[in-house]
Engineer: 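Input: one structure, supplied below.
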Amino acid sequence: MYNVVSNIVEVLIVFFQGYCLQSFYHSFMKTRREGWLGSRYGIFVIWVVMRLLMGYFWTMDYNQIKLQGKQFLTIAVLLVATYGLYEARRGMKAFLAITFLAVNEICLLISFMILEFGGVLFSLWSWCLEKRYVTSINVFMTLTQATAAGLMILTLVAFSLLLYNSLKSITNRYREKEYAIHRTELFFILTPGMTALLLCLLLRMLMVTVEDKIPMTLYDRYPVLLVLVPVILVLSLFSIICSVQLFQRMIRLNREKSNRIILEKQLQNMQEHIGEVERLYSGIRSVRHDMKNQLAVAMQLAGREKDSEGEELRTYLAGLNQALEDMEIPIRTGNTVVDTILNMKYHEGVSEMPDLRMETEELVVSDKLKIRNYDIGIILCNALDNAIEACRKLKGKDREAEVFIRLFSFRRGNMFFLEIENSFDGVLIRKRESEFPMTDKNDSEAHGIGLYNIKNSAEKYHGAVDWNVRGRVFVLTVMLRNERE
């Protein structure tokens, strides 16, 4: 009975390993080819066939060379299959293959410790036989085989739970799956897995020795290892999981640092620009006011002239008056900073897309708002840059397409809502685990952070950012609490 159960358990372990492997890979990578081999189940088939063939043709016999050869062949086949079947960066492929092998080996060694601790039961049955509590040798053999079979089933259950939850924990913690791993970063996250894999190989080599043709385990010679080895293995598993979590924190901190630098530069440029534009607009308003008064007087004087020279003078003065009218700021919301940004972005968009419409009739930003002007400026600058880029992309695909940007604002209690709608081509790039749509520019690390900057500014006021799509209209909503930062 034990041999049958043992063989079934070994086959089930191989199949479960293959299932966990293909699920783990599918969470990070896409397959390269079509067909059954190129599907997400291709790696499952390769793993199962490889392990079953090795188990059938390549028996260990406690031969260290065979043991090492089997382990290194497993690593080589998995790496080749990973690089051949999946589309991903090389660093990601190496990390996933090594991590799976390391976690798999750790879980196997930990779960098979159950058999070592289960030896107490065999000693118990032997003691019962000696004390004549068990009088029949057949009953003793039945108890022994049933215990061995039960321990194998328990080992299978323990291994399955440990492997599945370990890989799931790594997958959940590794959120930046599209991040391009640099060489030093790859070394950092590969080191725990490589160390654990080599440690498991060393334990396998030292675990069983043969003395006088009698196999003995390392635990028989050094019983203290029954405690030390599981502790070391658990710590190795935690080191792999913690290194992934630490690596993800490093990515987020670096991104926040880069965003903060960009944000500070945007703020500095915007403050300088706003100061210059405010002075310019203030001067223009003053000159325009004086000139309009002077022109009004000149028009009255020119009206008294009856000759052709008077008509020409009136035409000239009318044109000059119209030029002054054109100098008026077209967009007014009640906030000087917001007016400056809207007019600046409007002229920027119209210079490339003359038919661009920017509707701001329902946008009211009072100067009495407690939210600091430059925070609203950061939100508007990034939102309008994204909107103009979306309209520009739409125009590139369809020159006759209607392009527009609509801005709304309203208050609900102590909350201030800002909503920006813009036309776009209807195509969004959404990556797994990504909160916002991704940029389609080649330099994705330098671009595509506008929405994250908006989110950072909103969170300073205990706010949030939401987005949705209505047909071919992208809608961005920013919620801010109306209070000082």
Side-chain angles (χ1 to χ4, degrees), residues 30 32 34 87 177-178 180 259 262 266 269-270 273 326 328-333 338-365 376-410 417-455 457-458 464-479:
K30 294 181 179 180
R32 187 190 300 273
E34 299 295 334
E87 290 181 351
K177 295 180 172 61
E178 301 299 325
N259 290 355
I262 295 174
Q266 284 184 342
N269 294 335
M270 189 181 69
H273 184 78
D326 293 339
E328 182 67 31
I329 301 175
I331 299 176
R332 289 185 178 275
T333 64
V338 174
D339 291 347
T340 303
I341 294 172
L342 291 177
N343 284 279
M344 177 180 65
K345 295 299 180 182
Y346 171 74
H347 289 296
E348 177 184 330
V350 170
S351 64
E352 299 183 35
M353 298 168 287
D355 58 340
L356 174 66
R357 291 187 292 107
M358 184 177 288
E359 302 174 9
T360 61
E361 291 80 7
E362 298 185 46
L363 176 65
V364 179
V365 184
I376 296 179
I378 290 297
I379 294 172
L380 282 175
C381 281
N382 284 283
L384 290 174
D385 283 341
N386 290 343
I388 292 173
E389 177 63 28
C391 292
R392 186 184 296 118
K393 183 179 176 183
L394 174 59
K395 274 294 186 182
K397 293 184 176 181
D398 182 5
R399 299 300 302 174
E400 302 300 322
E402 179 187 12
V403 287
F404 61 84
I405 301 174
R406 304 189 187 106
L407 296 99
F408 311 87
S409 66
F410 56 92
F417 292 84
L418 181 64
E419 190 171 287
I420 300 97
E421 297 181 357
N422 63 270
S423 54
F424 79 114
D425 61 0
V427 179
L428 285 179
I429 302 176
R430 185 76 187 275
K431 301 294 184 180
R432 188 185 289 114
E433 306 293 341
S434 177
E435 182 178 1
F436 298 113
M438 303 290 290
T439 179
D440 60 350
K441 296 181 180 180
N442 293 329
D443 189 4
S444 59
E445 293 185 14
H447 298 283
I449 63 174
L451 291 174
Y452 289 98
N453 283 342
I454 295 173
K455 179 184 176 183
S457 296
V465 178
D466 188 28
W467 65 272
N468 63 82
V469 175
R470 302 171 187 166
R472 300 184 70 177
V473 178
F474 184 86
V475 182
L476 176 68
T477 304
V478 184
M479 179 183 66

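If you read the sequence from its start, that first residue is 1, and numbering goes on from there. Keep in mind the model is a prediction, meaning the values are calculated, not measured.
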Engineer: Mind checking whether Ile405 and Ile388 have side chains closer than 4.5 Å, heavy atoms only?
Structural biologist: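 When only atoms from C-beta onward are counted, Ile388 and Ile405 do touch, with a gap below 4.5 Å.
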Engineer: Check whether any side-chain heavy atom of Leu384 sits under 4.5 Å from a side-chain heavy atom of Glu389, and report yes or no.
Structural biologist: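 Result no, sub-4.5 Å side-chain heavy-atom pair not found.
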Engineer: Compare every heavy atom of Ser409 with every heavy atom of Leu418, then report the nearest pair and how far apart it is.
Structural biologist: CD1-CB, 4.3 Å
Engineer: Heavy atoms only: give me the nearest Arg472-Gly426 pair and the separation to one decimal.
Structural biologist: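 Minimum heavy-atom separation between Arg472 and Gly426: NE-N, 4.3 Å.
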Engineer: Identify the two heavy atoms, one from Val478 and one from Ala458, that lie closest to each other, and give their separation to 0.1 Å.
Structural biologist: CG1-CB, 4.1 Å
Engineer: Any side-chain heavy-atom pair from Leu342 and Leu363 closer than 4.5 angstrom?
Structural biologist: yes
Engineer: Taking all heavy atoms of Thr477 and all of Glu419, pick out the closest pair and write down the distance.
Structural biologist: OG1-OE1, 3.4 Å
Engineer: If you round to the nearest 0.5 Å, how far is CZ of Phe474 from CG of Asn468?
Structural biologist: 8.0 Å
Engineer: I need the minimum non-hydrogen distance between Val473 and Glu421, along with the two atoms involved.
Structural biologist: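 Heavy atoms of Val473 and Glu421 come nearest at CG1-CB, 4.0 Å.
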Engineer: Does any non-hydrogen side-chain atom of Leu394 lie less than 4.5 Å from one of Phe424?
Structural biologist: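 A side-chain contact under 4.5 Å is absent here.
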Engineer: Drop me the distance from Asn422's CG to Leu356's CG, to the nearest 0.5 angstrom.
Structural biologist: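 Output value for this atom pair is 10.0 Å.
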Engineer: With side-chain contact (heavy atoms from CB on, under 4.5 Å) as the test, would you mind laying out the steps for Glu348 and Asn343 before giving the verdict?
Structural biologist: CA-CA 8 Å; Glu348 177 184 330; Asn343 284 279; over 6 Å; no
Engineer: If you define the side chain from C-beta out and look only at heavy atoms, does anything of Leu451 sit under 4.5 Å from Leu476?
Structural biologist: yes
Engineer: Parallel, tilted or perpendicular: which one describes the rings of Phe410 and Phe417, with boundaries at 30° and 60°?
Structural biologist: parallel
Engineer: Compare all side-chain heavy atoms of Leu380 with those of Leu407 and state whether any distance is below 4.5 angstrom.
Structural biologist: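 With C-beta onward as the side chain, the pair touches.
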Engineer: Give me the atom names and distance for the closest heavy-atom approach of Ala383 to Ile454.
Structural biologist: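 Shortest heavy-atom separation between Ala383 and Ile454 comes out as N-CD1, 3.7 Å.
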Engineer: Report yes or no: is the cationic atom of Arg406 (NZ for Lys, CZ for Arg) closer than 6.0 Å to the six-membered ring centre of Phe404, at no more than 45° off its axis?
Structural biologist: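 Judged by the rule (NZ or CZ under 6.0 Å from the ring centre, within 45° of its axis), Arg406 counts as positioned above Phe404.
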Engineer: Would the distance check show the side chain of Lys395 and the main-chain N or O of Ala401 forming a donor-acceptor pair, the cut-off being under 3.5 Å?
Structural biologist: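 Yes: the side chain of Lys395 pairs with the backbone of Ala401.
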Engineer: Report, as yes or no, whether the 6.0 Å neighbourhood of atom CD on Glu359 holds more than 12 heavy atoms from other residues, nucleotides or ligands.
Structural biologist: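 Counting other residues, nucleotides and ligands, CD of Glu359 exceeds 12 neighbours.
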Engineer: Is there a side-chain contact between Cys391 and Met353, using heavy atoms and a 4.5 Å cut-off?
Structural biologist: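 Sidechains of Met353 and Cys391: in contact.
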Engineer: Dump the intermediate steps for side-chain contact (heavy atoms from CB on, under 4.5 Å) on Asp355 and Glu402, then the final yes or no.
Structural biologist: CA-CA 8 Å; Asp355 58 340; Glu402 179 187 12; over 6 Å; no
